[in-house]
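Notes follow once the structure below has been shown.
Not measured: the values here are computed from a predicted model.
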Amino acid sequence: MASKSSKKHDTGHSIAGFRLSSKLLADLDGSTMGEIAAAAADVALVVEDGIVKDVALSDDNLASEGFDEHWVGKPWVDTVTVESRTKVEDLLSATPSGERWRHVNHPSQSALDVPVRYTAVKLDKNNRFI
């Protein structure tokens with residue numbers, strides 16, 4: 001990842017990227033990067049062309065609510081409530097900086113929808129996000 005200067009995202013909080021990421025993190029492999037992404041979030045997705053390619057969960061309770069490998073191969077918008085579809089579409093049109101957060105609701109096995117706060121970081125030119 002290239003170094004970034006401090007910026008503000010839509011919540012008004014200032015963010016800053018690592019200054020030396022290209023030097024200190026360049027040798028990390030895909031497995032390690034996956035572990036980092038999974039550890040940093042309750043739900044981590046790899047999405048390519050709008051399709052969920054992989055899912056990592058921080059809690060088994062999320063799997064019992066329907067957040068699991070059954071999402072793999074499905075459009076991300078099909079895993080959320082109707083009201084959240086435009087938010088997912090917005091996230092997938094995000095700039096590579098991943099500065100926009102959106103609250104998205106997922107239907108669950110219980111009666112209540114599960115709200116999740118997502119950001120999307122574009123990984124490459126191939127329309128792949130995490």
Side-chain angles (χ1 to χ4, degrees):
M1 299 181 131
S3 47
K4 302 180 226 174
S5 61
S6 180
K7 299 178 184 178
K8 289 195 173 206
H9 55 74
D10 67 342
T11 61
H13 295 99
S14 181
I15 62 168
F18 288 112
R19 292 173 302 168
L20 300 174
S21 61
S22 61
K23 178 180 179 183
L24 299 175
L25 304 175
D27 61 339
L28 297 180
D29 62 17
S31 178
T32 302
M33 293 305 297
E35 288 180 37
I36 292 168
D42 291 333
V43 179
L45 306 173
V46 176
V47 177
E48 184 174 14
D49 295 323
I51 306 297
V52 176
K53 298 295 185 175
D54 206 352
V55 179
L57 304 173
S58 67
D59 188 328
D60 288 338
N61 290 328
L62 290 170
S64 69
E65 289 295 335
F67 289 55
D68 59 17
E69 67 276 356
H70 297 297
W71 287 2
V72 174
K74 293 182 180 177
W76 187 17
V77 297
D78 289 351
T79 70
V80 303
T81 63
V82 172
E83 300 82 15
S84 293
R85 287 177 175 239
T86 56
K87 294 177 182 182
V88 168
E89 291 166 354
D90 185 47
L91 284 165
L92 294 177
S93 68
T95 59
S97 61
E99 295 176 9
R100 299 183 300 176
W101 290 89
R102 298 289 182 260
H103 285 101
V104 173
N105 292 317
H106 291 277
S108 70
Q109 303 298 332
S110 65
L112 301 174
D113 294 338
V114 178
V116 177
R117 186 174 175 226
Y118 284 103
T119 190
V121 178
K122 192 167 186 177
L123 298 175
D124 53 26
K125 297 176 192 172
N126 296 324
N127 212 19
R128 192 169 32 165
F129 292 83
I130 195 164

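Trp76 and Tyr118 have perpendicular rings, their planes meeting at more than 60° on a 0 to 90° scale where under 30° would count as parallel.
Among residue pairs with one or both ends in residues 39-58, none qualify as ring pair (Phe, Tyr, Trp, His ring centres under 6.0 Å); sequence neighbours excluded. The stretch residues 25-43 participates, sequence neighbours left out, in no salt bridge (charged side-chain N to carboxylate O under 4.0 Å, His left out) pair at all.
By the side-chain hydrogen bond (donor to acceptor under 3.5 Å, both in side chains) test, Asn61 pairs with Asp59, sequence neighbours left out. With sequence neighbours excluded, no residue satisfies side-chain hydrogen bond (donor to acceptor under 3.5 Å, both in side chains) with Thr79. Here Asn127 pairs with Asp49 under the side-chain hydrogen bond (donor to acceptor under 3.5 Å, both in side chains) rule; sequence neighbours left out. With sequence neighbours left out, the side-chain hydrogen bond (donor to acceptor under 3.5 Å, both in side chains) criterion links Asp60 to no other residue.
Expressed to the nearest 0.5 Å, how far NZ of Lys87 lies from CG of Asn105 amounts to 6.5 Å. The structure places CZ of Arg19 at 10.0 Å from CG of Leu24, a figure rounded to the nearest 0.5 Å. Rounding to the nearest 0.5 Å places CZ of Arg128 at 11.5 Å from NZ of Lys122. Here the straight-line distance linking atom CG of Leu45 with atom CD1 of Ile51 works out to 12.5 Å at 0.5 Å rounding.
Of all heavy-atom pairs between His106 and Thr81, the closest is C-CG2, 4.3 Å. When all heavy atoms are compared, the tightest approach of His70 to Lys74 is O-CE, 3.2 Å. Ala56 and Ala38 get closest at one heavy-atom pair: CB-CB, 3.6 Å. Heavy atoms only, all atoms of each residue included: Ala44 and Ala37 are closest at CB-O, 3.8 Å.
No donor-acceptor distance shorter than 3.5 angstrom exists from the side chain of Ser21 to the backbone of Leu25, with no hydrogens or angles considered.
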- Item | Residues Phe129, Leu91; criterion side-chain contact (heavy atoms from CB on, under 4.5 Å); working and verdict | CA-CA 9 Å; Phe129 292 83; Leu91 284 165; over 6 Å; no
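Looking at heavy atoms from C-beta onward, Val88 lies out of side-chain contact with Val47 at the 4.5 angstrom threshold.
Both Val55 and Leu92 are part of a single hydrophobic cluster, where members link through side-chain heavy atoms under 4.5 Å apart.
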